[in-house]
There are 2 protein chains.
Amino acid sequence: MHKYKILLADDHKVVTAGIRSLMQRRTDLCIVGEVGDGADVLPKTCELKPDIVIMDISMPHVSGVEAAQALAEHCPQVKIIIYTMHSDPRFILELFRTGIAGLVMKEEDPQELIAAVDCVLAGGTAFGKYNPQRMVSQLLQSTADVSETERIQELSPREAEIFKALADGHSIKHIALELHISPKTVETHKYNIFDKLHVETLTELTKLAIRHGVILA
Amino acid sequence: MHKYKILLADDHKVVTAGIRSLMQRRTDLCIVGEVGDGADVLPKTCELKPDIVIMDISMPHVSGVEAAQALAEHCPQVKIIIYTMHSDPRFILELFRTGIAGLVMKEEDPQELIAAVDCVLAGGTAFGKYNPQRMVSQLLQSTADVSETERIQELSPREAEIFKALADGHSIKHIALELHISPKTVETHKYNIFDKLHVETLTELTKLAIRHGVILA
DNA sequence: CTTTCCCATCAGGAAAAACCTGATTTCTTG
DNA sequence: CAAGAAATCAGGTTTTTCCTGATGGGAAAG
């Protein structure tokens, strides 16, 4: 009897333990390994040759998004199921682009994860509420729809400077004085920054900056 | 034989499932309930009278920090163990201040959670690497933080409500519609909130709210 | 060598929000 | 009952925001 091999990648031990206990009764599934660091995903996959990798997005050193991209490039035969928190979906589009096989949220019933594994083993894909069709239209219409991090990196030097000052609470007028330019110029930069970072309010800008360590809370 | 009652608060079902399977062999522990929303923690605790609440920080609607504060106020006899991700520690100080009984990271061995439960049931406290001694020095040296907390607690209920909404990025107009009051009233509240919290800009307000776990970044 | 694109710079003007003061009502609390 | 806090709203001035338009410089592409 053939056993399907599964590799778990999650830095929260309780999650991997939960998945293990969940799969105990399934004699056709075998968890061959477990890693808690994104940097270990690719080497472990090469070593163990699993059929499926179940992976979190948020992991130390290398994120699940990067790990998925590395897997897609070096081990295209491996099916990837992303198992993550619901508050993460900023990266979902990027993951779709790399061609993951499934997506399950940690707040859903854990049985959904088993269902997703079966679905993927049958050659299908398993996305719950994240209807790929709906995603694809967004993918196509937004040519530059990239992750938050990438958007920040696309800011010009001047914009990055003003982004940081704005997120830190400096007023337009203050920034203009600091940089020896017109407040109107700063305003225009701000407008462009909002546009590039896909935010609509100063608060969103601040929170984004804090999330990415641009400023401290 | 007396069974200790435990309430689980985590919006990730795989985590609560993992904890359940972890505690199966312990006949002296009984998981009496499970909630996935911070807003449900206090009512469920009042209803089920658990000895221990094991709680995540990041939950929908009401954060674990707020829930812990509510518990400390209304159910001071309940022991709180925070079980959370390592990337959350910006709230740890605030939690220490409310007097939690334990702190365990999800990336640690799940057995640590059991150990923490035993420790707390024995009347002790369980902090792993988060040495309270080290924390206390930080607590003492940052007196400004303490006064910040006190200032937040001095807000009236209505002000607290509007504080959260403002810090989360809602506009005056939007808040007015939500609460069915005049924008002018919201404006006045905002003015008073700024005054009470000693802030001068919306950004300062947002960062303060994030520092104290009122909202998530 | 143009043409195109991005960057940095600034301005105008309508709309929105901020700022501060004053005011009423209800409810609690000493 | 008097004092005070809480919640409600308005007026009017000042400031900021929002969006559009515009210019010049430089780099990359054709």
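So you know, we letter chains A, B, ... as the sequences are listed, proteins then strands, and number each from 1.
Per the geometry, CD1 belonging to B/I172 stands 13 Å off P belonging to D/dC9, to the nearest Å. For the pair B/E187 CD and C/dC20 P, the computed distance is 11 Å after rounding to whole Å. C/dC7 atom P lies 10 Å from atom NE2 of A/H189, rounded to whole Å. Rounded to an integer number of Å, the gap from A/R158 CZ to C/dC6 P is 20 Å. A/K190 places its NZ atom 12 Å from the P atom of C/dA17, with the value rounded to the nearest Å.
The line from CD of B/E66 to CG of B/L42 is 12.0 Å long, rounded to the nearest 0.5 Å.
Looking at residues 176-184 of chain B, you'll see B/I181, B/S182, B/K184 sit with a heavy atom under 4.0 Å from some atom of DNA chain D. In the region residues 192-206 of chain B, proximity to DNA chain D at under 4.0 angstrom, judged on heavy atoms, holds for B/K196.
Look at A/T188 and you won't find any side-chain N or O under 4.0 angstrom from OP1 or OP2 of C/dT9.
Within 4.0 Å of A/S171, counting heavy atoms only, lies no atom of the nucleic acid at all.
Checked for salt-bridge contact, B/K106 and B/D10 meet the test: a charged N lies under 4.0 Å from a carboxylate O.
The closest donor-acceptor contact from the side chain of A/H174 to the backbone of A/H170 lies at 3.5 Å or more, if one exists at all.
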